[in-house]
2 protein chains.
Amino acid sequence: MEHEPQIQPNFVADTHVPLELYERQDLLVGQIAAEVARDITEGRLLPGADLNSVELASRFNTSRTPIREALMLLEKEGLVEILPRRRPRVAHISLAEIAELYDIRAVLNGFMIRKFIENASGEDLDEMDAILAKLRTEAARRDVPSFLATRTALHNFWVDRCGNSSLQRLLRSWKMRMSVTRLGGDVSREFDRILLDNERLAIACREHDSALGVALITSMTHFGEHMIRQQQTARRETGMMP
Amino acid sequence: MEHEPQIQPNFVADTHVPLELYERQDLLVGQIAAEVARDITEGRLLPGADLNSVELASRFNTSRTPIREALMLLEKEGLVEILPRRRPRVAHISLAEIAELYDIRAVLNGFMIRKFIENASGEDLDEMDAILAKLRTEAARRDVPSFLATRTALHNFWVDRCGNSSLQRLLRSWKMRMSVTRLGGDVSREFDRILLDNERLAIACREHDSALGVALITSMTHFGEHMIRQQQTARRETGMMP
DNA sequence: GTGAGTCGATATGTCGACACTTCTGCGTCG
DNA sequence: CGACGCAGAAGTGTCGACATATCGACTCAC
(Lines give C-alpha, C1' and ligand atoms only; values in the text may rest on other atoms or scores of the structure.)
Protein backbone atom coordinates (compact mmCIF):
# COMPACT_ATOMS: atom_id res chain seq x y z
CA MET A 1 0.00 0.00 0.00
CA GLU A 2 1.52 3.31 -1.06
CA HIS A 3 1.14 6.32 1.17
CA GLU A 4 2.99 8.93 -0.85
CA PRO A 5 0.96 12.00 -1.79
CA GLN A 6 3.07 13.05 -4.77
CA ILE A 7 0.84 15.94 -5.74
CA GLN A 8 2.29 19.23 -6.84
CA PRO A 9 1.55 22.03 -4.37
CA ASN A 10 -0.28 24.33 -6.73
CA PHE A 11 -2.42 21.69 -8.31
CA VAL A 12 -5.04 21.30 -5.69
CA ALA A 13 -7.96 19.05 -6.31
CA ASP A 14 -11.36 20.62 -6.02
CA THR A 15 -13.04 17.63 -4.52
CA HIS A 16 -13.45 17.14 -0.88
CA VAL A 17 -15.79 14.31 -1.36
CA PRO A 18 -18.76 14.15 0.95
CA LEU A 19 -19.07 10.73 2.43
CA GLU A 20 -22.65 10.59 3.49
CA LEU A 21 -22.69 8.47 0.38
CA TYR A 22 -21.74 5.60 2.58
CA GLU A 23 -24.64 5.12 4.83
CA ARG A 24 -24.54 2.44 7.48
CA GLN A 25 -21.90 4.42 9.24
CA ASP A 26 -22.31 2.47 12.44
CA LEU A 27 -21.28 -0.64 10.53
CA LEU A 28 -17.67 -1.44 9.81
CA VAL A 29 -18.34 -1.57 6.07
CA GLY A 30 -19.44 2.02 6.04
CA GLN A 31 -16.51 3.37 8.00
CA ILE A 32 -13.98 1.38 6.01
CA ALA A 33 -15.50 2.35 2.68
CA ALA A 34 -15.55 5.99 3.71
CA GLU A 35 -11.95 5.99 4.86
CA VAL A 36 -10.59 4.16 1.83
CA ALA A 37 -12.64 6.45 -0.41
CA ARG A 38 -11.05 9.44 1.26
CA ASP A 39 -7.59 7.93 0.84
CA ILE A 40 -8.26 7.53 -2.85
CA THR A 41 -9.96 10.82 -3.61
CA GLU A 42 -7.48 12.82 -1.57
CA GLY A 43 -4.52 11.24 -3.24
CA ARG A 44 -3.00 9.13 -0.51
CA LEU A 45 -3.72 6.07 -2.61
CA LEU A 46 -2.86 6.45 -6.26
CA PRO A 47 -4.34 4.57 -9.22
CA GLY A 48 -3.05 1.03 -9.32
CA ALA A 49 -2.20 0.94 -5.63
CA ASP A 50 -2.62 -2.42 -3.97
CA LEU A 51 -5.74 -2.91 -1.85
CA ASN A 52 -5.38 -6.47 -0.64
CA SER A 53 -7.81 -7.34 2.05
CA VAL A 54 -5.29 -8.84 4.45
CA GLU A 55 -3.30 -5.68 4.78
CA LEU A 56 -6.42 -3.53 5.05
CA ALA A 57 -7.82 -5.88 7.66
CA SER A 58 -4.77 -5.47 9.83
CA ARG A 59 -4.81 -1.71 9.28
CA PHE A 60 -8.42 -1.47 10.42
CA ASN A 61 -8.15 -4.20 13.05
CA THR A 62 -11.01 -6.16 11.62
CA SER A 63 -11.49 -9.40 9.80
CA ARG A 64 -11.43 -9.49 6.03
CA THR A 65 -15.20 -9.76 5.67
CA PRO A 66 -16.13 -6.07 6.09
CA ILE A 67 -13.06 -5.11 4.06
CA ARG A 68 -14.20 -7.18 1.12
CA GLU A 69 -17.68 -5.70 1.31
CA ALA A 70 -16.34 -2.16 1.44
CA LEU A 71 -14.14 -2.77 -1.58
CA MET A 72 -17.10 -4.12 -3.53
CA LEU A 73 -19.03 -0.94 -2.78
CA LEU A 74 -16.12 1.19 -3.91
CA GLU A 75 -15.89 -0.87 -7.06
CA LYS A 76 -19.49 0.00 -7.87
CA GLU A 77 -18.58 3.65 -7.31
CA GLY A 78 -15.77 3.27 -9.79
CA LEU A 79 -12.97 3.93 -7.31
CA VAL A 80 -11.65 0.37 -7.17
CA GLU A 81 -11.00 -2.35 -9.71
CA ILE A 82 -11.65 -5.94 -8.74
CA LEU A 83 -10.91 -8.92 -10.92
CA PRO A 84 -11.80 -12.41 -9.74
CA ARG A 85 -9.14 -13.98 -7.58
CA ARG A 86 -6.83 -11.04 -8.01
CA ARG A 87 -5.93 -8.34 -5.58
CA PRO A 88 -8.14 -5.27 -5.73
CA ARG A 89 -6.45 -2.07 -6.87
CA VAL A 90 -7.29 1.59 -6.98
CA ALA A 91 -9.02 2.17 -10.30
CA HIS A 92 -6.99 3.48 -13.16
CA ILE A 93 -8.91 5.77 -15.49
CA SER A 94 -7.76 6.24 -19.06
CA LEU A 95 -7.81 9.53 -20.92
CA ALA A 96 -10.64 8.23 -23.09
CA GLU A 97 -12.67 7.33 -20.05
CA ILE A 98 -12.07 10.73 -18.49
CA ALA A 99 -13.52 12.29 -21.60
CA GLU A 100 -16.57 10.03 -21.39
CA LEU A 101 -17.12 10.86 -17.75
CA TYR A 102 -16.84 14.57 -18.42
CA ASP A 103 -19.29 14.43 -21.30
CA ILE A 104 -21.83 12.74 -19.12
CA ARG A 105 -21.18 15.08 -16.24
CA ALA A 106 -21.70 18.05 -18.52
CA VAL A 107 -25.09 16.72 -19.58
CA LEU A 108 -26.14 15.94 -16.03
CA ASN A 109 -24.92 19.31 -14.79
CA GLY A 110 -26.90 21.01 -17.51
CA PHE A 111 -30.06 19.22 -16.50
CA MET A 112 -29.28 19.92 -12.87
CA ILE A 113 -28.94 23.67 -13.33
CA ARG A 114 -32.06 23.77 -15.46
CA LYS A 115 -34.02 22.12 -12.70
CA PHE A 116 -32.51 24.46 -10.15
CA ILE A 117 -33.47 27.50 -12.18
CA GLU A 118 -36.99 26.19 -12.63
CA ASN A 119 -37.51 25.35 -9.00
CA ALA A 120 -35.38 27.76 -7.03
CA SER A 121 -37.17 29.90 -4.48
CA GLY A 122 -36.19 33.41 -3.49
CA GLU A 123 -34.52 32.09 -0.36
CA ASP A 124 -32.53 29.66 -2.46
CA LEU A 125 -31.26 32.49 -4.62
CA ASP A 126 -30.34 34.54 -1.59
CA GLU A 127 -28.43 31.64 -0.11
CA MET A 128 -26.70 31.17 -3.43
CA ASP A 129 -25.63 34.81 -3.43
CA ALA A 130 -24.27 34.46 0.08
CA ILE A 131 -22.03 31.59 -0.98
CA LEU A 132 -21.01 33.52 -4.06
CA ALA A 133 -20.08 36.55 -1.94
CA LYS A 134 -17.87 34.31 0.15
CA LEU A 135 -16.25 33.01 -3.02
CA ARG A 136 -15.64 36.57 -4.14
CA THR A 137 -13.81 37.61 -1.00
CA GLU A 138 -11.74 34.43 -1.02
CA ALA A 139 -10.76 35.06 -4.59
CA ALA A 140 -9.69 38.58 -3.62
CA ARG A 141 -7.63 37.16 -0.77
CA ARG A 142 -6.13 34.51 -3.11
CA ASP A 143 -6.87 31.94 -0.47
CA VAL A 144 -6.62 28.75 -2.51
CA PRO A 145 -7.98 26.11 -0.13
CA SER A 146 -10.93 28.20 1.06
CA PHE A 147 -11.66 29.28 -2.48
CA LEU A 148 -11.79 25.70 -3.71
CA ALA A 149 -13.88 24.60 -0.77
CA THR A 150 -16.38 27.35 -1.39
CA ARG A 151 -16.49 26.68 -5.10
CA THR A 152 -17.34 23.07 -4.28
CA ALA A 153 -19.90 24.25 -1.73
CA LEU A 154 -21.56 26.43 -4.36
CA HIS A 155 -21.76 23.60 -6.82
CA ASN A 156 -23.05 21.25 -4.16
CA PHE A 157 -25.63 23.84 -3.24
CA TRP A 158 -26.99 23.85 -6.76
CA VAL A 159 -26.97 20.06 -6.85
CA ASP A 160 -28.73 19.78 -3.50
CA ARG A 161 -31.45 22.25 -4.45
CA CYS A 162 -32.17 21.05 -7.95
CA GLY A 163 -35.18 19.14 -6.68
CA ASN A 164 -34.17 15.72 -7.96
CA SER A 165 -32.64 13.60 -5.26
CA SER A 166 -31.72 10.78 -7.63
CA LEU A 167 -29.80 13.25 -9.73
CA GLN A 168 -28.17 14.57 -6.61
CA ARG A 169 -26.91 11.12 -5.67
CA LEU A 170 -25.81 10.39 -9.21
CA LEU A 171 -23.88 13.63 -9.58
CA ARG A 172 -22.15 13.23 -6.26
CA SER A 173 -21.13 9.71 -7.11
CA TRP A 174 -19.95 10.87 -10.52
CA LYS A 175 -17.85 13.62 -9.06
CA MET A 176 -16.20 11.22 -6.67
CA ARG A 177 -15.52 8.78 -9.46
CA MET A 178 -13.81 11.44 -11.51
CA SER A 179 -11.69 12.54 -8.60
CA VAL A 180 -9.46 9.48 -8.85
CA THR A 181 -7.77 11.23 -11.74
CA ARG A 182 -6.04 13.24 -9.02
CA LEU A 183 -5.77 16.19 -11.32
CA GLY A 184 -6.97 19.67 -10.54
CA GLY A 185 -6.37 22.97 -12.21
CA ASP A 186 -3.56 25.33 -11.35
CA VAL A 187 -5.91 27.51 -9.40
CA SER A 188 -3.51 30.34 -8.71
CA ARG A 189 -3.76 31.41 -12.33
CA GLU A 190 -7.47 30.79 -12.60
CA PHE A 191 -9.06 32.62 -9.71
CA ASP A 192 -10.62 35.29 -11.82
CA ARG A 193 -11.88 33.08 -14.58
CA ILE A 194 -13.43 30.61 -12.16
CA LEU A 195 -15.02 33.38 -10.17
CA LEU A 196 -16.35 35.05 -13.29
CA ASP A 197 -17.84 31.80 -14.58
CA ASN A 198 -19.67 31.26 -11.34
CA GLU A 199 -20.85 34.87 -11.20
CA ARG A 200 -22.32 34.58 -14.66
CA LEU A 201 -23.99 31.31 -13.83
CA ALA A 202 -25.49 32.83 -10.71
CA ILE A 203 -26.83 35.72 -12.75
CA ALA A 204 -28.44 33.27 -15.13
CA CYS A 205 -30.10 31.65 -12.13
CA ARG A 206 -31.31 34.98 -10.80
CA GLU A 207 -32.78 35.86 -14.16
CA HIS A 208 -34.36 32.42 -14.56
CA ASP A 209 -32.56 32.04 -17.87
CA SER A 210 -32.25 28.28 -17.97
CA ALA A 211 -30.93 28.14 -21.52
CA LEU A 212 -28.06 30.40 -20.58
CA GLY A 213 -27.45 28.51 -17.35
CA VAL A 214 -27.21 25.21 -19.20
CA ALA A 215 -24.85 26.68 -21.76
CA LEU A 216 -22.62 28.17 -19.07
CA ILE A 217 -22.34 25.12 -16.87
CA THR A 218 -21.77 22.89 -19.86
CA SER A 219 -18.87 24.97 -21.01
CA MET A 220 -17.52 25.21 -17.48
CA THR A 221 -17.57 21.44 -17.15
CA HIS A 222 -15.83 20.98 -20.46
CA PHE A 223 -13.24 23.54 -19.55
CA GLY A 224 -12.41 21.43 -16.53
CA GLU A 225 -11.87 18.54 -18.89
CA HIS A 226 -9.67 20.67 -21.09
CA MET A 227 -7.38 21.55 -18.19
CA ILE A 228 -7.10 17.99 -17.01
CA ARG A 229 -6.33 16.88 -20.51
CA GLN A 230 -3.54 19.39 -20.86
CA GLN A 231 -2.10 18.45 -17.52
CA GLN A 232 -2.32 14.76 -18.22
CA THR A 233 -0.46 15.04 -21.50
CA ALA A 234 2.07 17.38 -19.93
CA ARG A 235 2.79 14.77 -17.28
CA ARG A 236 3.11 12.13 -19.92
CA GLU A 237 5.65 14.18 -21.82
CA THR A 238 7.77 15.03 -18.82
CA GLY A 239 7.80 11.35 -17.93
CA MET A 240 6.00 11.69 -14.66
CA MET A 241 4.17 8.86 -13.06
CA PRO A 242 0.90 7.90 -14.71
CA MET B 1 -40.02 -14.90 -0.07
CA GLU B 2 -42.94 -14.37 -2.42
CA HIS B 3 -43.00 -16.17 -5.72
CA GLU B 4 -46.28 -14.90 -7.12
CA PRO B 5 -46.02 -13.10 -10.44
CA GLN B 6 -49.25 -11.12 -10.13
CA ILE B 7 -48.79 -9.29 -13.40
CA GLN B 8 -51.66 -8.70 -15.75
CA PRO B 9 -51.25 -10.60 -19.02
CA ASN B 10 -51.36 -7.62 -21.35
CA PHE B 11 -49.06 -5.44 -19.37
CA VAL B 12 -45.76 -6.89 -20.36
CA ALA B 13 -42.61 -5.22 -19.17
CA ASP B 14 -40.18 -4.21 -21.85
CA THR B 15 -37.11 -5.05 -19.92
CA HIS B 16 -35.33 -8.29 -20.27
CA VAL B 17 -32.40 -7.07 -18.34
CA PRO B 18 -29.00 -8.06 -19.63
CA LEU B 19 -26.92 -9.45 -16.88
CA GLU B 20 -23.42 -9.04 -18.16
CA LEU B 21 -23.66 -6.22 -15.65
CA TYR B 22 -22.61 -8.70 -13.06
CA GLU B 23 -19.13 -9.67 -13.99
CA ARG B 24 -17.26 -12.25 -11.96
CA GLN B 25 -19.68 -14.85 -13.18
CA ASP B 26 -17.47 -17.69 -12.05
CA LEU B 27 -17.82 -16.42 -8.50
CA LEU B 28 -20.87 -17.15 -6.42
CA VAL B 29 -21.53 -13.45 -5.87
CA GLY B 30 -21.98 -12.90 -9.58
CA GLN B 31 -24.34 -15.80 -10.14
CA ILE B 32 -26.42 -14.99 -7.10
CA ALA B 33 -26.64 -11.29 -7.93
CA ALA B 34 -27.65 -12.12 -11.49
CA GLU B 35 -30.33 -14.57 -10.46
CA VAL B 36 -31.83 -12.35 -7.77
CA ALA B 37 -31.74 -9.41 -10.19
CA ARG B 38 -33.67 -11.49 -12.70
CA ASP B 39 -36.19 -12.46 -10.06
CA ILE B 40 -36.75 -8.81 -9.26
CA THR B 41 -36.82 -7.35 -12.75
CA GLU B 42 -39.00 -10.14 -14.10
CA GLY B 43 -41.51 -9.77 -11.34
CA ARG B 44 -41.07 -12.94 -9.35
CA LEU B 45 -39.98 -10.81 -6.40
CA LEU B 46 -42.13 -7.77 -5.83
CA PRO B 47 -41.17 -4.53 -4.09
CA GLY B 48 -40.96 -5.04 -0.36
CA ALA B 49 -40.37 -8.77 -0.63
CA ASP B 50 -38.15 -10.24 2.04
CA LEU B 51 -34.58 -11.03 1.05
CA ASN B 52 -33.08 -12.38 4.25
CA SER B 53 -29.74 -13.95 3.74
CA VAL B 54 -30.48 -17.18 5.59
CA GLU B 55 -33.30 -18.15 3.29
CA LEU B 56 -31.36 -17.14 0.19
CA ALA B 57 -28.34 -19.09 1.43
CA SER B 58 -30.37 -22.26 1.72
CA ARG B 59 -31.97 -21.63 -1.66
CA PHE B 60 -28.56 -21.30 -3.33
CA ASN B 61 -26.84 -23.90 -1.16
CA THR B 62 -24.13 -21.51 -0.09
CA SER B 63 -23.11 -19.75 3.05
CA ARG B 64 -24.43 -16.30 3.81
CA THR B 65 -21.23 -14.53 2.83
CA PRO B 66 -21.70 -14.45 -0.95
CA ILE B 67 -25.39 -13.73 -0.46
CA ARG B 68 -24.65 -10.64 1.57
CA GLU B 69 -22.15 -9.45 -1.00
CA ALA B 70 -24.61 -9.97 -3.84
CA LEU B 71 -27.31 -8.05 -2.01
CA MET B 72 -24.94 -5.15 -1.44
CA LEU B 73 -24.24 -5.00 -5.16
CA LEU B 74 -27.94 -5.02 -5.93
CA GLU B 75 -28.44 -2.25 -3.41
CA LYS B 76 -25.95 -0.11 -5.31
CA GLU B 77 -27.95 -0.86 -8.46
CA GLY B 78 -31.07 0.33 -6.71
CA LEU B 79 -32.87 -3.01 -6.79
CA VAL B 80 -32.60 -3.76 -3.09
CA GLU B 81 -32.98 -1.73 0.09
CA ILE B 82 -30.70 -2.49 3.01
CA LEU B 83 -30.92 -0.84 6.40
CA PRO B 84 -28.41 -1.69 9.10
CA ARG B 85 -29.33 -4.76 11.09
CA ARG B 86 -32.59 -5.14 9.25
CA ARG B 87 -33.58 -7.66 6.66
CA PRO B 88 -32.93 -6.58 3.08
CA ARG B 89 -35.99 -6.07 0.92
CA VAL B 90 -36.73 -5.56 -2.73
CA ALA B 91 -36.61 -1.80 -3.29
CA HIS B 92 -39.84 0.10 -3.30
CA ILE B 93 -39.89 3.05 -5.67
CA SER B 94 -42.27 5.90 -5.07
CA LEU B 95 -44.13 7.76 -7.79
CA ALA B 96 -41.97 10.82 -7.16
CA GLU B 97 -38.83 8.76 -7.57
CA ILE B 98 -40.11 7.21 -10.78
CA ALA B 99 -40.55 10.70 -12.16
CA GLU B 100 -37.00 11.58 -11.16
CA LEU B 101 -35.58 8.47 -12.75
CA TYR B 102 -37.48 9.11 -15.96
CA ASP B 103 -36.32 12.71 -16.16
CA ILE B 104 -32.73 11.61 -15.85
CA ARG B 105 -33.20 8.79 -18.31
CA ALA B 106 -34.69 11.19 -20.81
CA VAL B 107 -31.65 13.42 -20.57
CA LEU B 108 -29.23 10.53 -20.84
CA ASN B 109 -31.14 9.02 -23.74
CA GLY B 110 -31.02 12.35 -25.51
CA PHE B 111 -27.28 12.58 -25.12
CA MET B 112 -26.95 8.95 -26.15
CA ILE B 113 -28.85 9.37 -29.40
CA ARG B 114 -26.96 12.54 -30.18
CA LYS B 115 -23.68 10.69 -29.83
CA PHE B 116 -25.01 7.83 -31.93
CA ILE B 117 -26.06 10.18 -34.68
CA GLU B 118 -22.70 11.91 -34.60
CA ASN B 119 -20.66 8.72 -34.64
CA ALA B 120 -22.77 6.16 -36.49
CA SER B 121 -21.16 4.58 -39.52
CA GLY B 122 -23.01 3.41 -42.60
CA GLU B 123 -22.88 -0.17 -41.37
CA ASP B 124 -24.36 0.92 -38.06
CA LEU B 125 -27.28 2.54 -39.84
CA ASP B 126 -27.83 -0.56 -41.98
CA GLU B 127 -27.83 -2.75 -38.91
CA MET B 128 -30.28 -0.37 -37.30
CA ASP B 129 -32.58 -0.65 -40.29
CA ALA B 130 -32.42 -4.42 -40.10
CA ILE B 131 -33.60 -4.40 -36.51
CA LEU B 132 -36.26 -1.88 -37.41
CA ALA B 133 -37.50 -4.09 -40.26
CA LYS B 134 -37.83 -6.95 -37.79
CA LEU B 135 -39.79 -4.68 -35.48
CA ARG B 136 -42.06 -3.74 -38.37
CA THR B 137 -42.97 -7.32 -39.26
CA GLU B 138 -43.53 -8.22 -35.63
CA ALA B 139 -45.84 -5.26 -35.24
CA ALA B 140 -47.76 -6.43 -38.27
CA ARG B 141 -48.02 -9.92 -36.78
CA ARG B 142 -49.09 -8.43 -33.41
CA ASP B 143 -46.56 -10.67 -31.75
CA VAL B 144 -46.25 -9.00 -28.37
CA PRO B 145 -43.26 -10.77 -26.83
CA SER B 146 -41.12 -10.65 -29.96
CA PHE B 147 -42.12 -7.07 -30.58
CA LEU B 148 -41.05 -6.01 -27.12
CA ALA B 149 -37.81 -7.97 -27.32
CA THR B 150 -36.95 -6.33 -30.61
CA ARG B 151 -37.85 -2.89 -29.37
CA THR B 152 -35.48 -3.45 -26.49
CA ALA B 153 -32.87 -4.77 -28.90
CA LEU B 154 -33.18 -1.65 -31.01
CA HIS B 155 -32.78 0.60 -28.03
CA ASN B 156 -29.83 -1.43 -26.76
CA PHE B 157 -28.31 -1.21 -30.21
CA TRP B 158 -28.36 2.57 -30.06
CA VAL B 159 -26.94 2.52 -26.56
CA ASP B 160 -24.18 0.10 -27.49
CA ARG B 161 -23.13 2.09 -30.52
CA CYS B 162 -23.26 5.56 -29.03
CA GLY B 163 -19.50 5.47 -28.54
CA ASN B 164 -19.47 6.16 -24.81
CA SER B 165 -19.07 2.99 -22.81
CA SER B 166 -19.57 4.72 -19.47
CA LEU B 167 -22.88 6.02 -20.72
CA GLN B 168 -23.73 2.54 -21.94
CA ARG B 169 -23.16 1.07 -18.50
CA LEU B 170 -25.02 3.89 -16.81
CA LEU B 171 -28.05 3.62 -19.07
CA ARG B 172 -28.25 -0.14 -18.70
CA SER B 173 -28.05 0.15 -14.95
CA TRP B 174 -30.67 2.88 -15.02
CA LYS B 175 -33.03 0.81 -17.09
CA MET B 176 -32.70 -2.10 -14.73
CA ARG B 177 -33.29 0.14 -11.76
CA MET B 178 -36.50 1.45 -13.27
CA SER B 179 -37.76 -2.01 -14.08
CA VAL B 180 -38.56 -2.73 -10.44
CA THR B 181 -41.67 -0.67 -10.96
CA ARG B 182 -42.98 -3.75 -12.70
CA LEU B 183 -45.14 -1.62 -14.92
CA GLY B 184 -45.18 -1.73 -18.66
CA GLY B 185 -47.54 -0.33 -21.22
CA ASP B 186 -50.58 -2.11 -22.61
CA VAL B 187 -48.71 -2.93 -25.75
CA SER B 188 -51.63 -4.41 -27.66
CA ARG B 189 -53.07 -0.92 -28.09
CA GLU B 190 -49.76 0.73 -28.74
CA PHE B 191 -48.12 -1.29 -31.49
CA ASP B 192 -48.52 1.37 -34.11
CA ARG B 193 -47.52 4.32 -32.00
CA ILE B 194 -44.41 2.59 -30.68
CA LEU B 195 -43.45 1.46 -34.14
CA LEU B 196 -44.01 4.91 -35.60
CA ASP B 197 -41.93 6.56 -32.89
CA ASN B 198 -39.03 4.25 -33.57
CA GLU B 199 -39.36 4.69 -37.32
CA ARG B 200 -39.19 8.44 -36.95
CA LEU B 201 -36.22 8.20 -34.65
CA ALA B 202 -34.46 5.95 -37.14
CA ILE B 203 -35.10 8.46 -39.90
CA ALA B 204 -33.60 11.20 -37.77
CA CYS B 205 -30.53 9.00 -37.38
CA ARG B 206 -30.32 8.34 -41.11
CA GLU B 207 -30.53 12.05 -41.81
CA HIS B 208 -28.02 12.89 -39.09
CA ASP B 209 -30.54 15.25 -37.55
CA SER B 210 -29.41 15.09 -33.97
CA ALA B 211 -31.70 17.85 -32.73
CA LEU B 212 -34.71 15.96 -34.02
CA GLY B 213 -33.38 12.69 -32.64
CA VAL B 214 -32.96 14.17 -29.18
CA ALA B 215 -36.42 15.69 -29.28
CA LEU B 216 -37.99 12.40 -30.36
CA ILE B 217 -36.29 10.13 -27.84
CA THR B 218 -36.96 12.61 -25.07
CA SER B 219 -40.63 12.65 -25.80
CA MET B 220 -40.67 8.87 -26.16
CA THR B 221 -39.07 8.46 -22.77
CA HIS B 222 -41.49 10.83 -21.16
CA PHE B 223 -44.39 9.10 -22.81
CA GLY B 224 -43.26 5.92 -21.11
CA GLU B 225 -43.43 7.77 -17.83
CA HIS B 226 -46.88 9.05 -18.66
CA MET B 227 -48.20 5.55 -19.20
CA ILE B 228 -46.67 4.22 -16.03
CA ARG B 229 -48.09 7.11 -14.12
CA GLN B 230 -51.58 6.45 -15.40
CA GLN B 231 -51.30 2.79 -14.64
CA GLN B 232 -49.92 3.38 -11.18
CA THR B 233 -52.73 5.71 -10.22
CA ALA B 234 -55.29 3.38 -11.78
CA ARG B 235 -54.01 0.58 -9.60
CA ARG B 236 -54.15 2.81 -6.59
CA GLU B 237 -57.79 3.67 -7.27
CA THR B 238 -58.91 0.12 -7.83
CA GLY B 239 -57.18 -0.81 -4.60
CA MET B 240 -54.70 -3.13 -6.15
CA MET B 241 -51.45 -3.96 -4.48
CA PRO B 242 -48.74 -1.27 -4.60
C1' DG C 1 21.23 -11.54 -20.13
C1' DT C 2 16.34 -13.26 -21.19
C1' DG C 3 12.61 -16.30 -20.78
C1' DA C 4 10.16 -20.61 -19.00
C1' DG C 5 9.49 -23.48 -15.01
C1' DT C 6 9.23 -24.26 -10.01
C1' DC C 7 8.07 -23.96 -5.29
C1' DG C 8 7.17 -21.41 -0.94
C1' DA C 9 4.76 -17.39 0.62
C1' DT C 10 0.73 -14.84 0.35
C1' DA C 11 -4.31 -13.65 -0.92
C1' DT C 12 -8.71 -14.95 -2.26
C1' DG C 13 -13.46 -17.08 -1.93
C1' DT C 14 -16.23 -19.50 0.92
C1' DC C 15 -17.65 -21.58 5.08
C1' DG C 16 -19.53 -22.40 9.85
C1' DA C 17 -19.71 -20.26 14.43
C1' DC C 18 -20.77 -16.71 17.89
C1' DA C 19 -22.52 -12.50 20.18
C1' DC C 20 -25.94 -9.37 19.72
C1' DT C 21 -30.17 -7.24 17.64
C1' DT C 22 -34.54 -7.47 15.62
C1' DC C 23 -38.76 -9.90 14.91
C1' DT C 24 -42.97 -12.30 16.29
C1' DG C 25 -46.48 -14.49 18.66
C1' DC C 26 -48.56 -14.62 23.12
C1' DG C 27 -50.10 -13.36 27.53
C1' DT C 28 -50.93 -9.40 30.62
C1' DC C 29 -52.76 -5.24 32.02
C1' DG C 30 -55.27 -1.14 31.60
C1' DC D 1 -60.75 -4.82 23.13
C1' DG D 2 -56.40 -2.77 22.13
C1' DA D 3 -51.80 -1.29 23.67
C1' DC D 4 -47.82 -2.99 26.09
C1' DG D 5 -44.22 -6.02 27.33
C1' DC D 6 -41.78 -10.17 27.17
C1' DA D 7 -39.38 -14.38 25.93
C1' DG D 8 -38.13 -17.53 22.38
C1' DA D 9 -37.16 -17.71 17.47
C1' DA D 10 -34.87 -15.92 13.75
C1' DG D 11 -31.56 -12.83 11.35
C1' DT D 12 -27.47 -9.77 11.17
C1' DG D 13 -22.55 -8.36 11.50
C1' DT D 14 -18.23 -10.03 12.31
C1' DC D 15 -14.81 -13.38 13.04
C1' DG D 16 -11.19 -17.09 12.29
C1' DA D 17 -10.28 -21.16 9.48
C1' DC D 18 -9.53 -23.80 5.31
C1' DA D 19 -8.99 -25.19 0.42
C1' DT D 20 -7.44 -23.28 -3.66
C1' DA D 21 -5.48 -19.85 -6.60
C1' DT D 22 -2.10 -16.23 -7.53
C1' DC D 23 2.36 -13.92 -6.72
C1' DG D 24 7.24 -13.57 -6.78
C1' DA D 25 11.89 -14.70 -6.13
C1' DC D 26 14.86 -18.19 -7.60
C1' DT D 27 16.75 -21.65 -10.80
C1' DC D 28 18.10 -23.26 -14.98
C1' DA D 29 18.37 -23.85 -20.01
C1' DC D 30 19.34 -21.25 -24.00
Side-chain angles (χ1 to χ4, degrees), chain A residues 1-3 19-37 39-40 45-76 79-92, chain B residues 1-3 19 21-37 39-40 45-77 79-92:
Chain A
M1 209 150 18
E2 311 168 21
H3 270 276
L19 293 168
E20 319 90 48
L21 278 172
Y22 295 95
E23 286 103 48
R24 290 189 266 170
Q25 294 154 344
D26 57 320
L27 264 45
L28 287 180
V29 206
Q31 299 171 235
I32 295 167
E35 184 146 346
V36 175
D39 283 347
I40 296 175
L45 288 170
L46 297 172
D50 192 281
L51 289 175
N52 81 72
S53 58
V54 175
E55 193 170 11
L56 287 172
S58 76
R59 168 175 161 202
F60 286 104
N61 284 315
T62 66
S63 76
R64 288 177 34 241
T65 312
I67 303 282
R68 284 176 48 82
E69 293 178 351
L71 291 178
M72 294 183 65
L73 291 186
L74 295 178
E75 189 204 22
K76 278 271 162 200
L79 297 185
V80 168
E81 284 168 357
I82 307 183
L83 293 173
R85 300 177 197 281
R86 298 205 143 64
R87 307 221 284 287
R89 318 171 127 269
V90 177
H92 182 72
Chain B
M1 213 152 10
E2 309 168 21
H3 271 275
L19 293 169
L21 277 171
Y22 295 95
E23 287 102 46
R24 289 190 266 169
Q25 294 153 343
D26 57 319
L27 264 45
L28 287 181
V29 204
Q31 299 170 235
I32 295 167
E35 183 145 347
V36 175
D39 283 347
I40 295 175
L45 288 170
L46 297 173
D50 191 281
L51 288 176
N52 82 72
S53 57
V54 174
E55 193 170 12
L56 286 172
S58 77
R59 168 174 160 201
F60 286 104
N61 285 314
T62 66
S63 76
R64 291 190 312 120
T65 312
I67 304 282
R68 283 176 49 82
E69 294 178 350
L71 291 178
M72 293 183 65
L73 291 186
L74 295 178
E75 190 205 21
K76 278 272 165 201
E77 292 283 345
L79 297 185
V80 167
E81 283 168 358
I82 308 183
L83 294 173
R85 300 176 196 282
R86 300 207 140 64
R87 309 221 285 285
R89 317 172 128 270
V90 176
H92 181 71

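Just so it is clear, the structure is predicted and the values come from calculations on it, not from any experiment. Proteins get letters first, then strands, A, B, ... in listed order; numbering begins at 1 in each.
Atoms CG (L83(B)) and C1' (dC23(C)) sit 15 Å apart, rounded to a whole Å. Going from atom CG of N61(A) over to atom P of dG16(D) covers 10 Å, rounded to whole Å. Per the geometry, CG belonging to L51(B) stands 17 Å off C1' belonging to dC23(C), to the nearest Å. F60(B) places its CZ atom 13 Å from the P atom of dC15(C), with the value rounded to the nearest Å. Look at CZ on R86(B): it is 12 Å from C1' on dG11(D), rounded to the nearest Å. Taking atom CD1 of I67(B) as the reference point, atom P of dG13(C) lies 16 Å away to the nearest angstrom. With rounding to whole Å, L28(A) atom CG is found 14 Å from dC20(C) atom C1'. Separating the CG atom of L71(A) from the P atom of dA11(C) is a distance of 14 Å, rounded to the nearest angstrom.
Exactly one of I32(A), V29(A), L51(A), V54(A) qualifies for a side chain to side chain contact (heavy atoms under 4.5 Å, CB included) with I67(A). That residue is I32(A).
Within the 4.0 angstrom heavy-atom criterion, base atoms lie near R64(B).
Relative to the side chain of T62(A), the nucleotides dC15(D), dT14(D), dT12(D) differ in distance, and dC15(D) lies closest. Here the side chain of R68(A) is nearest to one of dT12(C), dG16(C), dT14(D), namely dT12(C). Each of dG16(D), dT12(C), dT14(C) was ranked by its minimum atom distance to the side chain of T65(A); first place goes to dG16(D). Distance from the side chain of P66(B) is smallest to dT14(C) among dC23(C), dT14(C), dG13(C). If you check dT12(D), dT12(C), dT14(D) against the side chain of N52(A), the one that comes closest is dT12(C). Taking the side chain of V29(A) as heavy atoms from C-beta on, and the options dT14(D), dT21(C), dG13(C), the nearest nucleotide is dT14(D).
Listed pair R87(A) / dG24(D) meets the phosphate criterion, a side-chain N or O lying under 4.0 Å from OP1 or OP2. Phosphate contact (OP1/OP2 of dT12(C), side-chain N/O of S53(A), threshold under 4.0 Å): present.
R68(A) approaches S53(A) most closely through the heavy-atom pair CG-CB, 4.4 Å. Pairing each heavy atom of D26(B) with each of R85(A), the nearest pair is OD2-NE, 4.1 Å.
Residues I40(B) and V80(B) have side chains in contact (heavy-atom distance under 4.5 Å, counting atoms from C-beta outward).
Nearest-nucleotide positions on DNA chain D place R85(B) closer to the 5' end than the other of R85(A) and R85(B).
Electrostatic pairing of R87(A) and E55(A) does not count as a salt bridge here, judged by no charged N lying under 4.0 Å from a carboxylate O.
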